[in-house]
Amino acid sequence: CLSFLLLFVVLVAVFAGIDQLMARYWPTAPRALKDMLPFILIIMAVVAREGLKKILETHEATRPFPWKKLAWGVTGIVLILILMVGFILVLDWIGHLFGNSLLSVIAVLLTGFGLAMSMLIPGIILPEAWINGPLRQLDYGKALARAKWLDRLFRSKTLESIVLLHAGRCKTAESAVRRSIANVRKSWLLLDIDQGWLLEILAYALTEQARYDEAITAFEGAIELGPQASDRPNGLAEVYLRQGIEPHKALALVEHSLKNKKRRFVEQYFVRYATGEVLGNRAWALALAGQSQESQATLAQALKQFDKHSKLSEASVHYRAGHAMRLCGDETAAREHFARALDLDPHGNYGQLARRACA
C-alpha cells in the first residue's frame, strides 16, 4: 500500500510537471504526446536503473568504492526532490483548475495531507524495517550496529533494546528500554509515542530474566494501553507457560491474540510475533492443559505458518514446539525441536532457551 501511495504521488507529480512545462514551452504539442511522455520517461528511468544495477553488480567485486550505496543514496535524493517539486506543481495545477474557490482550498489541504502521510508512514515503519532485515537472519552484529546508529539519530534506546533482547542480552535490553521510557519526551522516534509498546518490550525483557511477577504487571499495563494489540496478550500467555501454570488462562489470552490479529490488518505484519509463533504458544497451552491431540494439530499449523524467510521466526516456533511435544509425552520429538532452535540461533535468545531446555 505504501509503495502504491508513493508511486501515485510520483506519477501525479510527473504528469503535472510535464503538463506545466509543455503548456509553457510547447503549447502546440499534440495531446497524445503529452499523455505518452510521462510513461516514456518512466520506462527510460526503469531501464536506466536496471542497467546501472547490472553494471554495479558486475564490477562490485573489483571496485572498492561503494557504488551501490552511492546509487541508492542518489536515487533517494532524486525521489525526494521529485516529490517536493511535484507537490509544488500539483498545488499550482489545483489553483489553476479551481481558482480561488473553497473547493481549491479543500483540494490543496487533501493533497498536503496525502503527501504528509506518505512521508510520515515511512518515518514510522522504515527504522524498524531496516533493523528487521539482519535481525530476521540472526545477524545480531549488523542489526545492533544499525539500531545504535538510528537510536543516536532519534535520541532513543528502543531499537537497540529490541536487538539486545533477541540476542539474549536481556539485562542490557531492560536497561536500554527503561532509558527510553524515562526519556520518551526527548525522543524523536515516532514509535516511542506508543507507551504500551515500550512497556511490552520491557515485559519481554523481564520474562527472559524469569522475573515473572514484574513481567505480568508490565504486560497488563501494555494491554490496558493497547487492548487491540495482538502481541501483548500472547506475551502475557507466555509468562504463564514459562512457569507451567494457568493453562486455561494462557489459552484464553492466546485466542484473544489470534482474534486481534485477524481483526486488524496492520497487526498481521508489524508485530513481534507472526501467526506461526502465536499458534506455537496455543499448542503449548493446549499441551499444558492436557489436550495433546489438539496441541499436535495446532503445532502442525504453526510449523506451516511461520515466516519462511526468517530464521528468527523458525527458531521461535521450534522452541515452542519443543515444550509442546515434551508436555505431550514425546521427548524425542521435543529434543529434535530444541536442537533445531539451537542450530538456527546458537548465539541468540532462543538458542539459549533451547540449550537450557535440553540440559
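Numbers for residues simply follow the sequence, beginning at 1.
Phe306 does not carry Lys304 over the face of its six-membered ring by the limits of under 6.0 Å from the centre and within 45° of the normal.
Judged by distance alone, with hydrogens and angles left aside, the side-chain atoms of Ser175 form no donor-acceptor pair with the main-chain N or O of Thr172 at under 3.5 Å. No donor-acceptor distance shorter than 3.5 angstrom exists from the side chain of Ser187 to the backbone of Asn183, with no hydrogens or angles considered. Without hydrogens or angle criteria, Ser295 side chain to Gln291 main chain gives no donor-acceptor distance under 3.5 Å. For Arg282 (side chain) and Thr298 (main-chain N/O), no donor-acceptor pair under 3.5 Å exists by modelled atom type. For the pair Glu238 (side chain) and Asn234 (backbone), a donor-acceptor distance under 3.5 Å is absent. At distances below 3.5 Å, not a single donor-acceptor pair connects side-chain atoms of Ser257 with backbone N or O atoms of Asp231. Looking at Gln137, its side chain never comes within 3.5 Å of a backbone N or O of Gly133 through a donor-acceptor pair. Between the side chain of Arg320 and the main chain of Leu279, no donor-acceptor pair closer than 3.5 Å is present.
Atom NZ of Lys249 sits about 8.0 Å away from atom CG of Leu236, to the nearest 0.5 Å. Summarising the geometry, atom CG belonging to Leu150 is positioned 9.5 Å from atom OG belonging to Ser156; distances are rounded to the nearest 0.5 Å. Thr207 OG1 to Glu214 CD: the interatomic distance, rounded to the nearest 0.5 Å, is 10.0 Å. Rounded to the nearest 0.5 Å, atoms CG (Leu342) and OH (Tyr319) are 12.5 Å apart. The distance from atom CH2 of Trp149 to atom CZ of Phe154, rounded to the nearest 0.5 Å, is 7.5 Å. A distance of 5.0 Å separates CG of Leu202 from CD1 of Ile181, quoted to the nearest 0.5 Å.
Residues Met325 and Ala333 come closest through the heavy atom pair CE-CB, 4.0 Å. Nearest approach of Ala302 to Gly276, heavy atoms of both residues: CB-O, 3.4 Å. Counting all heavy atoms, side chain and backbone alike, Ala229 lies closest to Asn260 at O-ND2, 3.5 Å. Leu241 and Asn281 get closest at one heavy-atom pair: CD1-O, 3.7 Å. Here the closest heavy-atom approach between residue Ala324 and residue Ala287 is recorded as O-CB, 3.5 Å. Closest of all the heavy-atom pairs between Thr158 and Leu189 is CB-CD2, 4.1 Å.
Side-chain contact between Tyr240 and Ile216 is present, with at least one heavy-atom pair separated by less than 4.5 Å. Residues Trp284 and Arg326 are not in side-chain contact: their nearest non-hydrogen atoms beyond the backbone lie 4.5 Å or more apart. Within the 4.5 Å cutoff, the side chain of Glu314 has no heavy atoms near those of the Lys308 side chain. Counting only heavy atoms from C-beta outward, the side chains of Leu303 and His337 approach each other to under 4.5 Å. When side chains are defined from C-beta on, Ile162 does not count as touching Ile131, because their heavy atoms never get closer than 4.5 Å. His318 places none of its side-chain heavy atoms less than 4.5 Å from the side chain of Phe338. For the pair Arg169/Leu144, a side-chain contact is recorded, criterion being any heavy-atom separation below 4.5 Å from C-beta on. Annotation: side chain of Arg146 is in contact with side chain of Lys142 (closest heavy-atom distance under 4.5 Å).
By the rule that hydrophobic residues join a cluster once side-chain heavy atoms approach within less than 4.5 Å of another member, Leu258 and Leu286 end up as members of separate clusters. If you chain together hydrophobic residues whose side chains sit under 4.5 Å apart, Leu164 and Leu353 fall into the same group. One hydrophobic cluster holds both Val163 and Leu159 under the rule that ILVMFWY side chains link at heavy-atom gaps under 4.5 Å. Residues Val254 and Leu299 fall into different hydrophobic clusters, defined by Ile, Leu, Val, Met, Phe, Trp and Tyr side chains chained together at heavy-atom separations under 4.5 Å. Residues Leu135 and Leu344 do not share a hydrophobic cluster, defined by chaining ILVMFWY side chains whose heavy atoms lie under 4.5 Å apart.
Using a 4.0 Å cut-off between charged nitrogen and carboxylate oxygen, Lys148 and Asp151 do not count as a salt-bridge pair. Ion pairing between a basic and an acidic side chain is recognised when a charged N comes within 4.0 Å of a carboxylate O; Glu255 and Lys259 show no such pairing. For the pair Glu208 and Arg242, the salt-bridge criterion is met [side-chain N within less than 4.0 Å of a carboxylate O].
No side-chain donor-acceptor contact under 3.5 Å links Asn349 and Tyr204. A donor-acceptor contact closer than 3.5 angstrom is absent between the side chains of Asp307 and Ser313. Side-chain contact check for Asp345 and Tyr140: at least one donor-acceptor pair (N or O, by modelled atom type) lies under 3.5 Å. Side-chain atoms of Glu277 and Ser316 include a donor-acceptor pair closer than 3.5 Å.
Other residues, nucleotides and ligands place no more than 12 heavy atoms under 6.0 Å from the CZ atom of Arg179.
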